[in-house]
There are 2 protein chains.
Amino acid sequence: MSWRKEQRRAERGYHHGNLKEALLQAALGLIAEKGPGGFTFADAARMAGVSPAAPYRHFRDRDELLSNIAQRGFELFEQALAKAWDDGRPDTVTAFMRVGRAYLAFARSEPAYYSAMFESGVPVDQNPLLMTASERAFNIIRAAAERLAALTPPGVARPPALMMALHIWSMSHGIAALFGRGDGARRKLPMEPEELLEAGVLIYLRGLGFSTETAAETEKPAEATRSGPWGPAPK
Amino acid sequence: MSWRKEQRRAERGYHHGNLKEALLQAALGLIAEKGPGGFTFADAARMAGVSPAAPYRHFRDRDELLSNIAQRGFELFEQALAKAWDDGRPDTVTAFMRVGRAYLAFARSEPAYYSAMFESGVPVDQNPLLMTASERAFNIIRAAAERLAALTPPGVARPPALMMALHIWSMSHGIAALFGRGDGARRKLPMEPEELLEAGVLIYLRGLGFSTETAAETEKPAEATRSGPWGPAPK
DNA sequence: AGCTCATGTGAAGGGCTCTTACATGAGCGT
DNA sequence: ACGCTCATGTAAGAGCCCTTCACATGAGCT
C-alpha cells in the first residue's frame, strides 16, 4: 500500500536534504496547474515525499511559502526586465519596447510566479523583503523611463519620468492580466498581446512628443500623419 | 450555548425565505474583508443563520456562488460605466474621461465585486452568462472609443476603435489592479489613481492626434507644447 | 564515541467541502 | 378547510487540509 512512500524513504533516508527547495518547486508546479488558491501545503509535501507536517520546519505557514515564491518571482522578474533593457542598447526606444515585451513574456512563460506576485492576495506592503524586491523590479522600468524622458525633443515639455513609468507599467500589467496568459481563463484578443502593448506604448510616446516611426530608425524624419503605430492607415 | 441559533430559528422559522440573496450578500461582505480566497461557504451559511448544507440548495458549489457574484458585478459595472458615459454628453472627450474615473471608482467602492470579477480565478470564458455580462461592460468602453475615433482630426489616420478601447481598458485595469484599492494590500502612489489615469489617457489621445487641452474646452486652438496633461511644465 | 539540534514523523484537533437520508412547511388543487 | 407535493433546510458523516505537539532520527561537531 505505502509502497511508493517506503520506496522514496529508502532512496533518500530520513532526512530529505533539500526539502525547502523541493517544496518551492512543487508549489510552483501546483500553482501553474491550479492557480494560487488551488495549491495545497499537503500536496506539496506529498510531491516531495514527506509527511504533511514537514513543511512547517521551513515555512511558518502556507502564506509564507507563497510569499517566498512571490519574492523570488520579483527577483526573476527584475532580472528579465534588466536583461531586456540592457542599459538602453542599441538605442533607448528599441530597448524600451523590448522591456514591454519582456513584461508580457514573463507573465506568459512564468504564470505561476506571476500569479503568486500579483494575484495571490499576498500583502506586498506588509513584507519588507517582498516590498523591496517588487520595487527593484519596478525601478528597471523607472530607470528606462528616466532615460527616455531625457530624450524629449526640444520645445516639448519634459514629462515626469515616474509618471511615464507608472503609465507603462499599468498598461503592461493590464494587458498581461486581461489577455496575457496562456491558460484559457482569460479573454480572447484579435491580436497578440505583444502587438497590442507595442502599439499602445508607441501611441503613448507619441503623445509625449516623441516621433516614433518604427523604433529602429530613430534618426530619420518621420511622415507620421499618414500611418500610425497600429499599421498601415485604413483606406 | 446554541442560544443565538435557536433565537434566529425562532425569528425566521424553518425556511429562511430569501436565502440565496442572503448568501450572496454575506459572501460579498466576506470577500470584501478577506479576499475571494478567504471567503468560505460555511461562513456565509453561518451569517445567514442556516446550516452548512443549506447553501447547496441554491448553488452547485462554492465556485458557482463566486461566479454569480462576478456576473452581478459585471452587470453593475456595465451600469456604472454606461451612466458615466451618458451617451457622450456633454462632449465626447469629457464623457470619455468620466468613464475612466468610473472604472476606478467601481474598483474602489466595490472591491468585493471587483475581485470576484477579475481576481478570483473564475474562468470567464467557460460560462456564457459571465462572458456575455463581461462583454456588455466592455462594449460601453468600446462604444465610447468608437465615437471618439470618429472625431479624429482631418489629416490624421483614424485609429481602430477596438484597439483604442483595449488600450484604455488595459491601462484602467492596470491602474486599478496595482494601485486602485482602498485596502492596504496595494502599492502606494505619489498621486491619486484617478489623476494618473486621466493623465495617461490624455497623453494617449494626444498620441492619436487629438488635441486635448483640458478636455472641457474642445473647440479652442491649443498651445500644446508648453504644458502637458500632467500639469504645468516644470521650469 | 557521544551530544546536540535541525529536520522529519505520527497522531490529533478543528475547520471546510460536499453528499445522502431525512424533516419541515408553503403553496396548490380540490 | 384538507391533504399532497416538492422546494428548502437539517443532521450526520466521509474525505481533505491546516496546524500543533510530542517524539524519532541522524548529520555535524567536540
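So that the names make sense, note that chain A is the first sequence line, chain B the second, and so on, each numbered from 1. Computed from a predicted structure; not experimentally measured.
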Would you mind reading off the distance between [X] atom [atom1] and [N] atom [atom2], rounded to a whole angstrom?
{"X": "B:Met47", "N": "C:dC16", "atom1": "CE", "atom2": "P", "result": "12 Å"}
{"X": "A:Lys20", "N": "C:dG8", "atom1": "NZ", "atom2": "P", "result": "12 Å"}
{"X": "B:Arg57", "N": "C:dT24", "atom1": "CZ", "atom2": "P", "result": "15 Å"}
{"X": "B:Leu65", "N": "C:dC16", "atom1": "CG", "atom2": "P", "result": "15 Å"}
{"X": "B:Leu19", "N": "C:dT24", "atom1": "CG", "atom2": "P", "result": "19 Å"}
{"X": "A:Glu21", "N": "C:dT7", "atom1": "CD", "atom2": "P", "result": "14 Å"}
{"X": "A:Leu23", "N": "C:dT7", "atom1": "CG", "atom2": "C1'", "result": "12 Å"}
{"X": "B:Asn18", "N": "D:dG9", "atom1": "CG", "atom2": "C1'", "result": "15 Å"}

Does a salt bridge link B:Lys20 with B:Glu64, judged by any charged N lying under 4.0 Å from a carboxylate O?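 Between B:Glu64 and B:Lys20 there is no salt bridge, as every charged N stays at least 4.0 Å from the carboxylate O atoms.
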Tell me whether the rings of A:Phe39 and A:Phe41 are parallel (<30°), tilted (30 to 60°) or perpendicular (>60°). perpendicular
Please report how far the helix from C:dA1-D:dT30 to C:dT30-D:dA1 bends, comparing the axis fitted to its first five pairs with the axis fitted to its last five, to the nearest 10 degrees. 10°
Kindly say if B:His58 contacts the phosphate of D:dA7, meaning a side-chain N or O under 4.0 Å from OP1 or OP2.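 For B:His58, the contact criterion (side-chain N or O under 4.0 Å from OP1 or OP2 of D:dA7) is not met.
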Check B:Leu30 against B:Thr40 and note the closest heavy-atom contact, atom names and distance.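 For B:Leu30 versus B:Thr40, the nearest heavy atoms are CD1-O, 4.2 Å.
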Taking all heavy atoms of A:Ser170 and all of B:Ile175, pick out the closest pair and write down the distance. OG-CG1, 3.2 Å
Hey, is CZ on B:Arg147 packed in by over 12 heavy atoms from elsewhere, all under 6.0 Å? yes
Residues B:Glu75 and B:Gln79: side-chain donor-acceptor under 3.5 angstrom: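 No, B:Gln79 and B:Glu75 have no side-chain donor paired with an acceptor closer than 3.5 Å.
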Could you check, using the six-membered ring where one of them is a Trp, whether B:Phe74 and B:Tyr113 have ring centers closer than 6.0 angstrom?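 They do not qualify: ring centres at least 6.0 Å apart.
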OH of A:Tyr204 to CG of B:Leu205: how many Å apart, nearest 0.5 Å? 12.5 Å
Could you state the interatomic distance from CE (B:Met117) to OG (B:Ser67), rounded to the nearest 0.5 Å?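 Here the interatomic distance stands at 12.5 Å.
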When you check every protein heavy atom under 4.0 Å of nucleotides 12-19 of chain D, what one-letter string (B, S, -) results, 5' to 3'? -----SSB
